[in-house]
Amino acid sequence: MAPLVSADHPGINELFALLAYGEVAAFYRLTEEAKMAPNLSGRINMAAMAAAEMNHYEVLRDALARRGVDIVPSMTKYASALENYHRLTTPSTWLEALVKTFVGDAMAADFYLEIADVMPAEVADVVRSVLSETGHSQFVVSEVRAAVTGSDRQRHRLALWSRRLLGEAITQAQFVLAEHDELVELVMAGGGLSQMTDFFDRLQNTHNSRMQELGLA
């Protein structure tokens, strides 16, 4: 299928900038939350995930540079929405941090990857590469499932936390779209408002699948 958006669409620069700030914010979040790990193995796994985020940031920095865009001022405009999400979903325990890493980041990837479907190949390749599996999700699944097995209290508490992550992610995504017309145009290119409604339905379904994988359903 031919791309629905041209390679010079201004929304592509905005998409890369938004992704870039997300990677930087995730790096600092993971670095901070690694301190909550109960053992060295947990800290190492979180540090490895943080390193992957910075590698992804560098891919986006280089992609924007090729388009003649300075990444720092471009991505700063997205600080408010992303920092609000992290502020409102600050984990209080190691298990909450793990669930946020697994569920929250995957929801963001769902959103960006759907937009990538209407992009030119070279743009879609960048988006998909920075949202690729970093190889650490199994570590999160194993830790969470072990913790909730045989503990209804822990399972119910983390299930509520997971639903909160979903609600805040949707809210902040709506804020970002409301403030940036170029990004809205990208969404509209993929099918408009009806597709957006369908997307949030799919987000709920994939969220439920991830809760089952974590043993929280």
Side-chain angles (χ1 to χ4, degrees), residues 7 11-37 39-87 89-91 94 96-117 119-144 165 169 172-173 176 180 183 186 206 210 213:
I12 293 174
N13 291 346
E14 297 302 318
L15 178 62
F16 284 175
L18 173 58
L19 277 166
Y21 193 90
E23 300 292 350
V24 173
F27 168 80
Y28 284 109
R29 170 176 60 83
L30 290 166
T31 302
E32 186 65 25
E33 291 169 5
K35 301 174 185 177
M36 304 171 74
N39 52 47
L40 180 59
S41 176
R43 290 193 292 276
I44 290 172
N45 274 288
M46 278 293 207
M49 286 187 277
E53 302 288 3
M54 286 310 295
N55 288 337
H56 292 161
Y57 163 80
E58 290 171 358
V59 170
L60 291 158
R61 178 200 62 199
D62 294 346
L64 280 171
R66 290 193 296 269
R67 297 170 66 86
V69 178
D70 185 351
I71 192 170
V72 173
S74 297
M75 70 180 188
T76 302
K77 70 183 76 170
Y78 295 104
S80 177
L82 290 169
E83 293 302 332
N84 278 340
Y85 170 73
H86 288 305
R87 177 178 58 82
T89 59
T90 301
W94 171 240
E96 286 185 358
L98 292 180
V99 170
K100 180 178 178 180
T101 296
F102 185 75
V103 173
D105 293 353
M107 287 188 293
D110 288 341
F111 177 74
Y112 295 125
L113 290 173
E114 290 224 3
I115 294 178
D117 288 341
M119 299 291 123
E122 67 272 18
V123 175
D125 287 347
V126 171
V127 174
R128 293 187 179 111
S129 70
V130 301
L131 295 171
S132 61
E133 174 60 59
T134 56
H136 301 282
S137 62
Q138 193 54 49
F139 148 72
V140 175
V141 172
S142 298
E143 289 238 354
V144 173
L165 293 171
Q172 296 307 320
V176 168
H180 300 282
L183 291 175
L186 295 187
T206 54
R210 292 185 183 108
E213 189 173 358

*Should Leu19 and Leu131 count as side-chain neighbours, where that means a heavy-atom distance under 4.5 Å?*
yes

*Give, for atom CD of Glu143 and atom CG of Asn45, the distance between the pair rounded to the nearest 0.5 Å.*
7.5 Å

_Less than 4.5 Å apart, side chain to side chain, heavy atoms only: is that true for Tyr21 and Glu83?_
yes

*Determine, stepwise, if the pair Glu14 / Lys77 fulfils side chain to side chain contact (heavy atoms under 4.5 Å, CB included).*
CA-CA 10 Å; Glu14 297 302 318; Lys77 70 183 76 170; 3.3 Å; yes

*Check whether any side-chain heavy atom of Ile12 lies under 4.5 Å from a side-chain heavy atom of Arg67, and answer yes or no.*
yes

_Tell me the closest heavy-atom pair linking Ala81 and Val176, and the distance in Å._
CB-CG2, 3.5 Å

*Any side-chain heavy atom of Val126 within less than 4.5 Å of one from Phe16?*
yes

*Spacing of Arg29 atom CZ and Met46 atom CE [to the nearest 0.5 Å]*: 7.0 Å

*Atom of Ala50, atom of Thr31 and distance for their closest heavy-atom approach*: CB-OG1, 3.9 Å

*Taking atom CD of Glu23 and atom CZ of Arg61, what is their separation to the nearest 0.5 Å?*
13.0 Å

*Taking C-beta and beyond as the side chain, do Leu82 and Leu18 meet within less than 4.5 Å on heavy atoms?*
yes

_Does any part of the side chain of Arg66, heavy atoms only, come nearer than 4.5 Å to the side chain of Asp62, both counted from C-beta?_
yes

*Is a side-chain donor or acceptor of Lys100 paired with a backbone partner of Pro91 at a separation under 3.5 angstrom?*
no

*Sidechain-backbone polar pair: Ser142 side chain, Phe139 backbone, donor-acceptor under 3.5 Å*: no

*Do Tyr28 and Glu53 pass the side chain to side chain donor-acceptor pair (under 3.5 Å) test, and can you show the C-alpha distance, the side-chain angles, and the key distance before you say yes or no?*
CA-CA 9 Å; Tyr28 284 109; Glu53 302 288 3; over 6 Å; no

*Check Leu30 against Thr101 and note the closest heavy-atom contact, atom names and distance.*
CD2-OG1, 3.7 Å

*Are any of the side-chain heavy atoms of Leu165 and Tyr85 separated by less than 4.5 Å?*
yes

